[in-house]
Amino acid sequence: MKGILKTISATLLLVFVLAGCSDFEEINTKPDAFGSDEVSAKYFLTGIQIELYAPNRFPYWRAQLIHADRYAGQFTFGFNGAWWTGALGYDYDSAYTDAAYDWIAGYVSNLSVYQNFVKEGGDLENQNFYAIGLVMKGLYYQMYTDTFGMVPYSEALDPDIITPKLDSQSEIYRGVIGDLDEAMDIIGDQTVTGDGIELLAENDLFFNGDLQQWKKLANTLKLRMALRAQGAPGADFAETAISEAFQAPLLTSEMDNALMEKDTEIDQFGNAAYGDVWHNFAGIGSHWNVSKTLIDYLRENNDPRLSRYAKPIIGGEFTFTRPAEGSGASLFDKHVDFVLDELDNAEVPYTRNGSGDEFTISVPQDQNYYVGQPSRLNPEIYPHVKNDLFSEPADWIINPKNEGLEIFPEIVFTAAEGNFLQAEAIIKGLGTGDAQELYQEGIRQAMKIWRVEESEIETFISNEEMAQLNGTDEENLEKIAIQRWIVSYTDGFEAWAVVRDTGYPSELASGVSDFDIYAAGTLNGEYPQRMRYGNQEYNTNGANVEAAIQEQGPDEQGTELWWAQN
């Protein structure tokens, strides 16, 4: 990945040079600038890929980790020693929300620069790079609108419009699918972007410049969005889009995965990873655990990804002490019973010594016990949630940079999902084919990403009930949704969208109600449906935000999106 360092440097230099030129031709008048035969849009592409999927540490921490990954129900805070409570994110906090919104809303600026350079008549005109930009635009807007709802779209890339209107999700979905169709038409049968300086290769962090892979990505994103839109008010385009997607190649095999390899050397403020928070914030306070919901699905179904996703608990000796006063004192027995129940559910043996206001448990160490931490625990139970009783993410996910250690790549789009989406459409009567075969191939491809051995994969598919679509249509759709959610691990934005769209895993979608244990949050226990707009949007585009709120509903976390499962 050292090549990324060079391409990023080139990108930053080009942005600096080009941003200062009212006319691209000025470059040719400056002796120290790039010549026209040395400048290509490929240097910009690297930057817009990284900025969307591995931005600097600030948004990576506040958008992905604090919000998306936790709303997805896959990562959890709130153990004893954590700096952040389980309520964080569920209790609205403008500073955290603003950081997330400012990053994703601001991304459009870089995308706009790229598209305006490569479009017809642009200074770096190249229709193939423009087609790639349309696919990046689709990936961006699906993430953006599925997070906030109505957002600037139709006017957002026009540099002459300072206060763009916020478009409805229906309009955005329809527009993105149209953009994806245009991208696929432009690419046609082509495989490369051009010759010489126009040849895209290692600067493309998804597909190394293979245009046919970009075409498959566009078509699979089209299928995802059309299935999500199908059944929503005004989504008359969805079923036609689903049918069209079935007629063209999709991401389905191992070579089709869009996984952005992590650079292990570049600074965290240029290309962040989970390890930048885990290791650089100092000590256990900045750590987090894998959720109960995810660990339970993997453990209870003998899923071989368990040891790839998470680490066994550390175990040891733990003392539980009743607080001297407050609600924690009266709830002490309920709180510790809740924690011990999680050990019992995971069949973790332990011995208990003492009783009453203080007792100790001893849990075996160096054993392969996996226990997920329940999501959104309240601050009162915090003293009793011992970190070493719960599973942390696998090292591959949280490895630090600059130590020669491999880091799990960023998930852009997987071949597994390409198979799952087809199976879902078939069960819904919107496509043709063998849903069972596609579902199992999706599982196979999902496990390969995590380097599960072929023999383990085939054992799972042959023996586990979870690998069989043998129930009612609704039961089969639930299994597909669960597998889509599991394969989206570390892609919290998509995992969260799966829950809101399908209603599965139902234990997440139903929210929480026992506030002795869980944080009620701003939503009074309900599951978050969206994030609120950032204050900067109010400050710079307030009239259009207010117009969107009148159409969409209150700017609250509980306002359901256009396509959401009711």
Side-chain angles (χ1 to χ4, degrees), residues 65-80 82 84-93 96-97 147 288-300 326-328 330-346 371-387 389-391 478 481-482 485-486 488-489 492-493 495-532 554 556-561 564-566:
L65 182 56
I66 287 178
H67 288 104
D69 290 328
R70 293 176 58 252
Y71 289 170
Q74 296 185 337
F75 285 154
T76 61
F77 295 148
F79 58 83
N80 192 346
W84 308 301
T85 74
L88 182 62
Y90 298 96
D91 285 325
Y92 168 69
D93 184 300
Y96 288 111
T97 297
T147 302
W288 58 91
N289 290 323
V290 184
S291 77
K292 167 183 168 59
T293 307
L294 183 55
I295 293 291
D296 283 0
Y297 270 109
L298 296 173
R299 189 187 64 238
E300 293 170 7
S327 60
S330 59
L331 292 172
F332 174 69
D333 293 326
K334 183 174 183 177
H335 284 167
V336 296
D337 286 347
F338 176 83
V339 172
L340 297 182
D341 282 347
E342 292 306 316
L343 300 182
D344 294 337
N345 292 338
V371 185
Q373 181 184 319
S375 300
R376 65 190 290 184
L377 297 176
N378 69 31
E380 285 73 30
I381 198 173
Y382 172 94
H384 313 301
V385 184
K386 315 297 186 180
N387 184 57
L389 291 177
F390 298 99
S391 292
E478 178 179 2
I482 296 298
W485 177 76
I486 292 174
S488 297
Y489 181 53
F493 285 102
W496 177 32
V498 168
V499 180
R500 290 173 290 154
D501 177 30
T502 68
Y504 299 115
S506 56
E507 54 267 54
L508 293 175
S510 60
V512 297
S513 57
D514 185 350
F515 301 139
D516 289 345
I517 301 293
Y518 301 102
T522 308
L523 291 174
N524 197 35
E526 293 182 4
Y527 187 69
Q529 297 296 320
R530 61 182 290 274
M531 288 182 65
R532 292 172 59 165
E556 298 172 354
Q557 293 165 296
T559 296
E560 289 190 343
L561 300 186
Q565 173 79 16
N566 292 308

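- When all heavy atoms are compared, the tightest approach of Val339 to Leu389 is CG1-CD1, 4.1 Å.
- Atom-to-atom distance recorded for Asn345:CG and Leu340:CG is 11.0 Å, nearest 0.5 angstrom.
- Considering only residues two or more places apart in sequence or on other chains, Ser506 meets the side chain to side chain contact (heavy atoms under 4.5 Å, CB included) condition with Tyr504.
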Please test Glu342 against Lys292 for salt bridge (charged side-chain N to carboxylate O under 4.0 Å, His left out), starting from the C-alpha separation and ending with a verdict.
CA-CA 9 Å; Glu342 292 306 316; Lys292 167 183 168 59; 3.1 Å; yes
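- Scanning both residues, Pro505 and Val499, for their nearest heavy atoms gives CD-CG2, 3.8 Å.
- Listed here is the closest heavy atom pair of Gly511 and Arg376: CA-NH1, 4.5 Å.
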Please assess Arg500 against Leu561 for the test side-chain contact (heavy atoms from CB on, under 4.5 Å), listing each intermediate value before the final yes or no.
CA-CA 9 Å; Arg500 290 173 290 154; Leu561 300 186; 3.4 Å; yes
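- The shortest non-hydrogen separation linking Leu523 to Gly558 is CD2-N, 3.1 Å.
- Scanning for side chain to side chain contact (heavy atoms under 4.5 Å, CB included) contacts around Asp341 gives Asp344, with sequence neighbours left out.
- Put simply, the residue from Tyr90, Trp84, Tyr382 that forms a ring pair (Phe, Tyr, Trp, His ring centres under 6.0 Å) with Phe77 is Trp84.
- Rounding to the nearest 0.5 Å places CH2 of Trp496 at 14.0 Å from OG of Ser488.
- Taking the side chain as every heavy atom from C-beta outward, Phe338 and Ile517 approach each other to under 4.5 Å.
- Between the OG1 atom in Thr147 and the CZ atom in Arg530 there is a gap of 10.0 Å [rounded to 0.5 Å].
- The list of side-chain hydrogen bond (donor to acceptor under 3.5 Å, both in side chains) pairs with a residue in residues 65-79, not counting sequence neighbours, reads Asp69-Tyr274, Tyr71-Gln557.
- With sequence neighbours excluded, the residues forming a side chain to side chain contact (heavy atoms under 4.5 Å, CB included) with Ala87 are Thr85, Asp91, Ala519, listed by chain and number.
- Donor-acceptor pairing under 3.5 Å is recorded for the side chains of Asn387 and Asn289.
- Ile66 places a side-chain heavy atom less than 4.5 Å from the side chain of Leu88.
- When all heavy atoms of Pro383 and Pro379 are compared, the closest pair comes out as CD-O, 4.0 Å.
- Under the salt bridge (Lys or Arg N to Asp or Glu O under 4.0 Å) criterion, Glu478 pairs with no residue, sequence neighbours left out.
- With sequence neighbours excluded, no residue satisfies ring-ring contact (aromatic ring centres under 6.0 Å, His included) with Tyr96.
- When side chains are defined from C-beta on, Asn80 does not count as touching His384, because their heavy atoms never get closer than 4.5 Å.
- Using a distance-only test at 3.5 Å, with no hydrogens or angles considered, a donor-acceptor pair links the side chain of Ser391 to the main chain of Val371.
- Heavy atoms only, all atoms of each residue included: Thr293 and Gly73 are closest at CB-O, 4.3 Å.
- For Lys386, there are no salt bridge (Lys or Arg N to Asp or Glu O under 4.0 Å) partners at least two apart in sequence or on another chain.
- Using a 4.5 Å heavy-atom cutoff, the side chains of Asp93 and Thr97 are not in contact.
- Applying the side-chain hydrogen bond (donor to acceptor under 3.5 Å, both in side chains) test to every pair with at least one member in residues 519-528, sequence neighbours left out, gives no pairs at all.
- For residues 504-520, the pairs satisfying salt bridge (Lys or Arg N to Asp or Glu O under 4.0 Å) are Lys334-Asp514, Lys334-Asp516, with sequence neighbours left out.
- Note on ring orientation: taking the six-membered ring where Trp is involved, the planes of Phe75 and Trp288 are tilted (angle from 30° to 60°).
- Of the possible donor and acceptor atoms, none in the side chain of Trp485 sits under 3.5 Å from a partner among the backbone N and O of Leu294.
- When the ring-ring contact (aromatic ring centres under 6.0 Å, His included) test is applied to Phe390, no partner is found at least two apart in sequence or on another chain.
- Applying the salt bridge (Lys or Arg N to Asp or Glu O under 4.0 Å) rule to Arg299 yields the partners Asp296; only residues at least two apart in sequence or on another chain are considered.
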